[in-house]
Enquirer: 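Got a structure for you, questions after.
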Amino acid sequence: MSESVTAVHVVTIDGPSGSGKGTIAALLARELGWAFLDSGALYRLTALAALNQGVDFADTAALAVVATTLDVQFLPAEDGLVILLAGERVGDSLRTEEVGAMASRVAALPAVRAALLQRQRDFARHPGLVADGRDMGTVVFPDATVKVFLTASAEERAKRRFEQLHSKGINASFDRLLADIQARDERDSQRTVAPLRPADDAIILDSTQMTIQEVFAAVMVQMRLKGLA
C-alpha cells in the first residue's frame with residue numbers, strides 16, 4: 001500500500017445498494033472536514049462512459065480501457081459534489097437503474113477493478129478520508145482506522161429507493177426495484193473478485209429500523225472511541 005494511504009486516517013463505509021452508506025459517508029466527511037470518496041460513482045462513471053461510447057459490455061478488455069482512461073473530475077460545490085465526465089456535468093444520469101445495473105456488472109470484472117484501485121487510493125489525503133463502497137474496508141483500504149459495514153433488509157432498501165424516485169416525480173415499480181436489489185446483492189456477494197462482505201474488523205450496523213440520525217450517531221461513537229472526533 002502506498003505511503004499516502006498509511007499516513008492518512010481513513011474511515012470506510014461499506015454495504016449493499018440502498019443501505020444509506022453514501023448519505024452517512026457524506027455527512028461524516030462534512031462533519032470532520034475530510035475528503036470524500038464515492039467509489040460507486042467511479043464504477044457508475046465507467047458504465048456511463050461505456051454506454052456513451054457504445055462499448056460492448058461483453059468486451060472485458062474494452063471496458064478495462066474505458067476505466068483506465070476515464071476522464072472524470074470531482075469538484076466541491078455548495079450543494080454537494082459536481083462530477084464531470086469528459087468535461088460535461090453528470091448528475092441524475094449516474095443514478096438511473098440502467099447505469100446502476102451496468103455498474104454492478106462492470107464492478108465484477110477483475111480488469112476494471114484493477115484499473116480503478118490506485119485511483120481510489122489516491123483520494124486519501126490529509127487530514128483524512130471517508131470512503132464508501134462495497135470493498136473499501138476489505139480491498140482498497142484494508143488498514144483503515146475505522147471500518148463500518150452498513151446494511152438493511154432488501155425490502156427496506158427497495159422502499160427507500162421507491163420513495164426517493166417518487167419524490168422526484170419518477171414512476172417506479174416497487175416489485176421491480178426489489179427484484180433488482182436482490183439480483184444485485186447476489187451478484188455483488190457472489191463475484192470472485194472483492195465480493196461484498198464485511199471486513200473482519202468492521203462494525204456492522206443494520207439500519208433497517210434506524211433513522212439517518214441514529215446511524216450517524218452510532219458511527220460518531222466509533223469515531224470518538226478512536227479519538228477522531
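The first residue in the sequence is number 1, and the count goes up from there.
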Enquirer: Which heavy-atom pair separates Val148 from Leu205 by the least distance, and what is that distance?
Expert: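 Closest heavy-atom pair between Val148 and Leu205: CG1-CD1, 4.1 Å.
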
Enquirer: Which pair of heavy atoms, one from Ala152 and one from Thr208, lies closest together, and at what distance?
Expert: CA-OG1, 3.2 Å

Enquirer: If the condition is salt bridge (charged side-chain N to carboxylate O under 4.0 Å, His left out), which residues does Arg44 pass it with, not counting sequence neighbours?
Expert: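 With sequence neighbours excluded, Arg44 shows a salt bridge (charged side-chain N to carboxylate O under 4.0 Å, His left out) to no residue whatsoever.
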
Enquirer: May I ask you to check whether over 12 heavy atoms, not counting those of Ile212, lie within 6.0 Å of atom CD1?
Expert: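 No.
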
Enquirer: Looking at Asp180 and Arg176, is any side-chain nitrogen of the basic one under 4.0 Å from a carboxylate oxygen of the acidic one?
Expert: yes

Enquirer: Are Lys159 and Glu155 ion-paired here, with the side-chain N under 4.0 Å from a carboxylate O?
Expert: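 Answer for the salt bridge query: no.
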
Enquirer: Look at the side chain of Arg197 and the backbone N and O of Ser189, then say whether any donor-acceptor pair between them is shorter than 3.5 Å.
Expert: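 Side chain of Arg197 to backbone of Ser189: no pair is present.
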
Enquirer: Using only heavy-atom distances, determine whether the side chains of Arg160 and Ser207 contain a donor-acceptor pair under 3.5 Å.
Expert: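 Ser207 and Arg160 do have a side-chain donor-acceptor pair below 3.5 Å.
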
Enquirer: Distance-only, no hydrogens or angles: does the Arg113 side chain make a donor-acceptor pair with backbone N or O of Ala194 under 3.5 Å?
Expert: no

Enquirer: How close do Ser93 and Leu48 get, heavy atom to heavy atom, and via which atoms?
Expert: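 Heavy atoms of Ser93 and Leu48 come nearest at OG-CD2, 3.9 Å.
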
Enquirer: Closest approach of Pro127 and Gly33, non-hydrogen atoms and distance?
Expert: CG-O, 3.9 Å

Enquirer: Salt bridge or not between Lys147 and Asp132? Use side-chain N to carboxylate O under 4.0 Å.
Expert: no

Enquirer: Within a reach of under 6.0 Å around CG of Asp200, are more than 12 heavy atoms found that belong to other residues, nucleotides or ligands?
Expert: no

Enquirer: Only pairs at least two apart or in different chains count here, so list each salt bridge (Lys or Arg N to Asp or Glu O under 4.0 Å) that has a residue in residues 207-229.
Expert: none

Enquirer: I need the minimum non-hydrogen distance between Leu51 and Val99, along with the two atoms involved.
Expert: CD1-CG2, 4.1 Å

Enquirer: Should we say atom CD of Glu186 is surrounded by more than 12 heavy atoms from elsewhere, each under 6.0 Å from it?
Expert: no

Enquirer: Could you verify whether a donor N or O on one side chain and an acceptor N or O on the other, from Gln118 and Arg121, lie under 3.5 Å apart?
Expert: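 No, no side-chain donor-acceptor pair sits under 3.5 Å.
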
Enquirer: Looking only at side-chain N and O atoms, does Ser104 offer a donor or acceptor that is under 3.5 Å from a partner on Arg184?
Expert: no

Enquirer: List the steps and the verdict of salt bridge (Lys or Arg N to Asp or Glu O under 4.0 Å) for Arg134 and Asp14.
Expert: CA-CA 5 Å; Arg134 288 171 172 75; Asp14 287 313; over 6 Å; no

Enquirer: If only atom types and distance count, is the side chain of Ser19 paired as donor or acceptor with the main-chain N or O of Gly15 below 3.5 Å?
Expert: no

Enquirer: Using the ring of each side chain (for Trp, its six-membered ring), is His9 parallel, tilted or perpendicular to Trp34, with breaks at 30° and 60°?
Expert: parallel

